[in-house]
2 protein chains.
Amino acid sequence: MTPGGDDQPGAVSLEGLDSVLSASPEREAEAGRASTATLYDVARLAGVSTATVSRVVHGQDRVRAATRARVQQVIEQLGYVPDGAAQSLSRRRKNVIGLVCVEHVGLAPRQYDIESMSLLFYDEVLRGVEARLRDHDLSLLITYLREDKDFDWVTAPGGPLTFFPRLLSLSGKVDGLLIGEGIVPTPVLARLAERLPVVVIAGDPDERAADVVTADNRAGAAAIVTHLVADHGRRRLFHVDGPPTAPDAKQRRLALADVLRAHPDAQLIGSYDGLFSVQSGEDAAAALLASWGTSLPDAVVCANDQMAIGVLQALTRSGVRVPEDVAVTGFDDIFVGGLVQPGLTTVHQPMRLLGEQACARLLERIAAPSLLPAVQLLPTELVLRSSCGCPRGTATRQLVQPTHVVRPADGSPTPTTDGRRAAGAPV
Amino acid sequence: MTPGGDDQPGAVSLEGLDSVLSASPEREAEAGRASTATLYDVARLAGVSTATVSRVVHGQDRVRAATRARVQQVIEQLGYVPDGAAQSLSRRRKNVIGLVCVEHVGLAPRQYDIESMSLLFYDEVLRGVEARLRDHDLSLLITYLREDKDFDWVTAPGGPLTFFPRLLSLSGKVDGLLIGEGIVPTPVLARLAERLPVVVIAGDPDERAADVVTADNRAGAAAIVTHLVADHGRRRLFHVDGPPTAPDAKQRRLALADVLRAHPDAQLIGSYDGLFSVQSGEDAAAALLASWGTSLPDAVVCANDQMAIGVLQALTRSGVRVPEDVAVTGFDDIFVGGLVQPGLTTVHQPMRLLGEQACARLLERIAAPSLLPAVQLLPTELVLRSSCGCPRGTATRQLVQPTHVVRPADGSPTPTTDGRRAAGAPV
DNA sequence: ATGAAAGCGCTAACAT
DNA sequence: ATGTTAGCGCTTTCAT
């Protein structure tokens, strides 16, 4: 800091630390675990009561400057740090919220694979949550649940209480829970929500047991299918669906039906039940070629980008031209969608925002537990590239008109939907 | 959107929502917070002591079947879940470990950007950690530290104890700490390590204050530079360095020097101090063109893939051909490196494994706190594509011979290095 | 401004 | 096989 001389920045901060570190190195080894100093130790050494130390630690004002200084001195000398468990117990407040990520079966990420891009969903959500949390001095406890391993409760004996043992036990360690995806059945959710605030991320918008924050999948999917049908005149559609347990897949499926109903000239010539993986997409394309090889559909609507990419690859490999012969669309807007050839037309899902809003809602509910459960739909964007039939080089994103949603009259200030990005901005 | 017809997607979802709102609003308000049941409640209702309930909860055997059944019945009836804070306090064990992710300045991820690929580092690490944890019934507390915001301690008043307030306070909530990247200065690390087990991920291998688990950056970087010099005869090298605070950048820098020393015919004609971002790479290329436009280097060695991609893009944009005119290499092996043109030659860093091993080590140390700090280097792989001068279509990965490392004689069974992937496997 | 003391909910050693 | 009880480390009301 001081320019010139041997007084380097590093050296400066070291001085203070050295004294701290000097505390008997041998002692260390002997001690094994150096039983950490407690509030009592500090109080005793400073000649004050624990109440005073607590006040000092929390920067309260009812302490004389001299006392405060003395206590602080001892705190540093002892390297005292409050024990979180004791604080939580005493405060009846853990200051921790839990994030539960539910992994779909068959999505175990392989390294070096497009598949691992699916990580981005929770990773982005995580970022969003963290961003909201960091101002509040709350910690984040994260847990991954596997659809296959952690959900055997369905057939397990022992009654309701043994359901989701990991979820249950988690609920004892946090002040609130953020649950990704709506695989958790409503009764279980209700059970949890009874014990503590719960917000479901990307869950079923029809969920009644807990708050839900999700992308407006139905409007997004409707928009992209409508684009295919109305703007590109694609009539014969093939659907590559997502896993039955995925709520977003359900909404996208419903949207497809909506659009077909609105466009009687268009028809669904077939569908394939995929698993959200690239492999699923390839399998779907294979099935498609096998059954409709002679008269391919005009467009393949995929429930997510990974599958769309799989379809794209498999189709191209078989000499089918996209979008000339068949259009292909995805959903989610994962990064690679912009890199493949042709560029993948898809719907952008605001994952990060999902995390932020879900977290915000959870904090609201922790503050006011009696809020009624509500659904919050975040607007999506239609991302037009060229796999839908738009000209090569197209790269447009436009906000999808949000679904109209009614919030319960609980006086909550949270907006129903929340657009953060301007419509029509270039990619 | 939907041309004609009143059956819009939006209207449809309203149906479900309406019913959600109907759920007895009064009841809710009245309930407020349903003060959760405690062990005592269960004990009282079951007519047993708390000890017995505790035994039942933990599946101990010293309980008569009839009693157990009765207790379990009450537990379910009450929806009892043990309070984590109380358990932790009583057991002197939190069963929580912390993961601290340090973000470099200027790396705030922008959406839709290659930059956000940098997320993959911690995301992969996180996966690895979680994989190790899930068998142990431990939870993971995750925290992101920003180099700019959370590190103002350097100039902050108040002495050593106010250093890294977030880290300190975190240390009161966990049984052990995994710290990503080695930005945390040794004295602080020492301070922490004194209080609880600490393992640094991707830290400086010269760190003595705590365990370190990191990729063998030096060997990896040496391998790739040697490839450039020895296999492709590139002589005039330009280096795009990483941030000064990044330990891996340091190792890679050292490796470059090592190779240059071993190959006197090769020389470093210049370098650029980057920040690990794509933008840095572009800036580096601009600087390069400005200063050496007339006699470009034979190769640009970049400290990570993001910068290499920036260089690649900027160079190509300026009409410089890669690798014909200039070779470019990266480090880390991020996904997009395989998608750009030409394919990026780089070094693979086993991020997931890093997380796994670091976590494993942490658990070891929690079990045996007196273990001496050790360094564990995980082997890297040389990923050959075509940006180095290898023929188009090249896609080879080969294990880099690990650096020899001496472990302290603490009898730890942990191997020094750990190879998981076979050498020479196709990408 | 400071101190005394009663919990917070659970565990585990020690009875019985 | 089951019960008693003394903590775990901190917060906080109520005195002083």
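The chains referred to below are lettered A, B, ... by the order of the sequence lines, with proteins before strands, and numbering in each begins at 1.
Distances shown here put a side-chain N or O of B:Thr67 below 4.0 Å from the OP1 or OP2 atom of D:dT2. Side-chain nitrogen and oxygen atoms of B:Ser54 include none within less than 4.0 Å of the OP1 or OP2 phosphate oxygen of C:dC10. For B:Thr50, no side-chain nitrogen or oxygen approaches OP1 or OP2 of C:dT11 to under 4.0 Å. Contact annotation: B:Tyr40 side-chain N/O to D:dT5 OP1/OP2 distance is not under 4.0 Å. Residue B:Gln87 places at least one side-chain N or O under 4.0 Å from the OP1 or OP2 atom of C:dT11.
Between A:Lys94 atom NZ and D:dC10 atom P there is a gap of 17 Å when expressed in whole angstrom units. Between A:Arg91 atom CZ and D:dC10 atom C1' there is a gap of 9 Å when expressed in whole angstrom units. The interatomic distance linking A:Arg93 (CZ) with C:dC8 (C1') rounds to 15 Å, in whole Å. The distance between atom CD of B:Gln60 and atom P of C:dC10, rounded to the nearest whole Å, is 15 Å. In this structure, A:Asp83 atom CG and D:dC8 atom P are separated by 12 Å, rounded to whole Å. Between the P atom of D:dG7 and the CG atom of B:Leu39 lies a distance of 19 Å, rounded to the nearest Å.
With D:dC10, D:dA1, C:dC10 as the candidates, the nucleotide lying closest to the side chain of B:Arg62 is D:dA1. Out of D:dC10, D:dC8, C:dC10, the shortest distance to the side chain of A:Pro82 is found at D:dC10.
In this structure, the side chains of B:Arg361 and B:Glu364 come closer than 4.5 Å at one or more pairs of heavy atoms.
Summary of the strand contacts: B:Val63 and B:Ser90 both lie near DNA chain D, and taking for each the nucleotide with the nearest heavy atom, the more 5' one is attributed to B:Val63. Nearest-nucleotide mapping onto DNA chain D: of B:Arg68 and A:Gly84, the residue sitting toward the 5' end is B:Arg68. Mapped onto DNA chain C by nearest heavy atom, B:Ala85 and B:Arg55 fall at different nucleotides, with B:Ala85 at the one closer to the 5' end.
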